[in-house]
Amino acid sequence: MSATSIAASASTPSKALPGLAHALVQAELLPRTLVEQIHQRGQETRSSFIATLIGSGSMNAPDLAHWVSKTFSLPLLDLDAFDPTRLATGAIDPKIIQAYKVLPLLKRGNRLVVATADPADHEAEDKIKFQSQAQIELVVVEYDKLTRIIEQAGQSASSQISALVGEDFDLGDLSDGAEPVETKDQANEVDDAPVVRFLQKMLIDAINMRASDLHFEPFEHFYRIRFRVDGELREIAQPPASIKEKLASRIKVISKLDIAERRVPQDGRMKLRISPEKSIDFRVSTLPTLYGEKIVMRILDSSSAKLGIDALGYEPEEREKLLRAIHRPYGMILVTGPTGSGKTVSLYSCLNILNQPGVNISTAEDPAEINLPGINQVNVNEKAGLTFANALRAFLRQDPDIIMVGEIRDLETADISIKAAQTGHLVLSTVHTNDAPTTLTRLMNMGVPAFNIASSVILITAQRLARKLCTQCKTPVDLPAQTLLEAGFREEDLDGSWKPYKAGKCNACGGSGYKGRVGIYQVMPITEEIQRIILNHGTAMDIAQQARKEGVRSLRESGLIKVKLGVTSLEEIIAVSNE
């Protein structure tokens, strides 16, 4: 009988025998009675036919693999020549790998190469296709080598997680603020004790390290977890890639996201209760990538807004300008800067000062990052039609005193915000620009009329976050006078009364030389002269020149004050101010 006819017969086996057993009988390699006995024994011991066949000694693994490769016209691979650390184990659920004894070797785009000793097991192939949503290409391997690598991979994953977590780790209370609703299948998928313990340890470690974000990143051959500490991403762990699906599922369930949807980004929230009195919120974002879902979790600590404006790093005259503006009865205050520069904390620090029983404050955010009792907070939901503009219209019918808009990103939102500021309301918001003068030209470029900008905006604050030098290991450094002058210092600043500091290394800061962050600010009130420039459609350069005449510091000049005080290094200020 030809190989083609045997393969065809294997694809439609008899009811009594599985595909591989049927093919062996058709090829007359083994008597039917022996094959039936092996099949019966496998059913009694709940073992696969191929495992029972090789265990009985009726055929050895190399001979069987060679025959299967020839019969089913599939390539034969020697697993001894394959690097097990380069397995694409994250491409298939570990439960499928263990149950069907298959091994994902390589994934390129939508093509997944899978090693198997039994290509006639169509149930396994169907499950892999459904779970991976990939085009499957089978290669034949020897059964004993296959099971050995699968067992080693499983033990390696468990030992790596155990080593990362530790045996004495105490579980916290992890939830979304309410009891998550899980189906039975979802619960089975995510209730994996090592993965649960590992996730909670990562969250606790992130909080202890004062991280602002956690990044869970899947790649082809490894899985990486990084924390953003003091604005800098640091690699924390490389757990086995095989846990990426379980870890993503666990995070999605407790964040009330759709566990079955892996094709589109999703956003959610979760809560970690550290003690009966304290809990930390996390904003969760998932993103489908080539090799799985990347998940970023932002730590939202409401206590940061309650530290007070003095803790933010404003110089005394800048703080006075800001306080005078927020106590005005109406007008618009804008905070500008890149993502992660502390704009939200600055706005909420102002709202915390204004939050009094006799004041009605409403905010529209995407999403609300800090929970502040006494303030009416609304999450924007574009899909449901709740945009910034629609929320603002609703606010104006809610008898507001103060309105905070998470971000002005289009003309409609800008127009309604400015009209609110012109009709007796104090409006606070953010705009993504590089400094205070360019914020005004950005509004003009959106299409806001110049007279509306001039009559509504009362103050703009641009800000950056710079890393603070560790107080335990910072050391003085001698820098040439020319270097200091080129950085922005004036001749009169170099009077010898101060010395710049550089970063050192110690255990307190983890060897980075920096611990914590401080804000540097450009606080620009909109004076009558600046209003005239706006009405005459002046450029950002014209506005900046006038602001300098009025004593407004640039971001670089504000940062250099922190250098003179020994708060941060000159290198850090040059890096964040970019002037």
### Query
salt bridge (Lys or Arg N to Asp or Glu O under 4.0 Å) between K562 and E315: does it pass, once the steps are laid out?
CA-CA 9 Å; K562 301 291 191 296; E315 296 302 319; 2.9 Å; yes

Exactly one of K244, K252, R250 clears salt bridge (charged side-chain N to carboxylate O under 4.0 Å, His left out) with E293, and that residue is K252

- Message: Determine whether a donor-acceptor pair (N or O, by modelled atom type, separation under 3.5 Å) exists between the side chain of Q463 and the backbone of S341.
- Response: yes

Q) Do L570 and P500 touch side chain to side chain, with heavy atoms closer than 4.5 Å? A) no

Salt bridge or not for R283 and D267, using N-O below 4.0 Å?
no

Can you tell me if D478 has over 12 outside heavy atoms packed within less than 6.0 Å of its CG? no

Worksheet item: Quick check: are there more than 12 heavy atoms from other residues, nucleotides or ligands sitting under 6.0 Å from CE of M541?
Response: no

Test salt bridge (charged side-chain N to carboxylate O under 4.0 Å, His left out), reference R226, set E235, E217, E232, output is E217

Nearest heavy-atom approach of T439 to D435 is OG1-O, 3.0 Å

Exercise for review: List the steps, then state whether side-chain hydrogen bond (donor to acceptor under 3.5 Å, both in side chains) holds for D542 with T539.
Suggested key: CA-CA 5 Å; D542 297 331; T539 65; 3.1 Å; yes

Residues A503 and S512: closest non-hydrogen pair is CB-O, 4.1 Å

### Query
Is it true that atom CD of E382 has more than 12 heavy atoms of other residues, nucleotides or ligands lying nearer than 6.0 Å?
yes

Worksheet entry | Candidate pair I408 and S417, rule side-chain contact (heavy atoms from CB on, under 4.5 Å), full reasoning | CA-CA 8 Å; I408 293 177; S417 300; 4.2 Å; yes

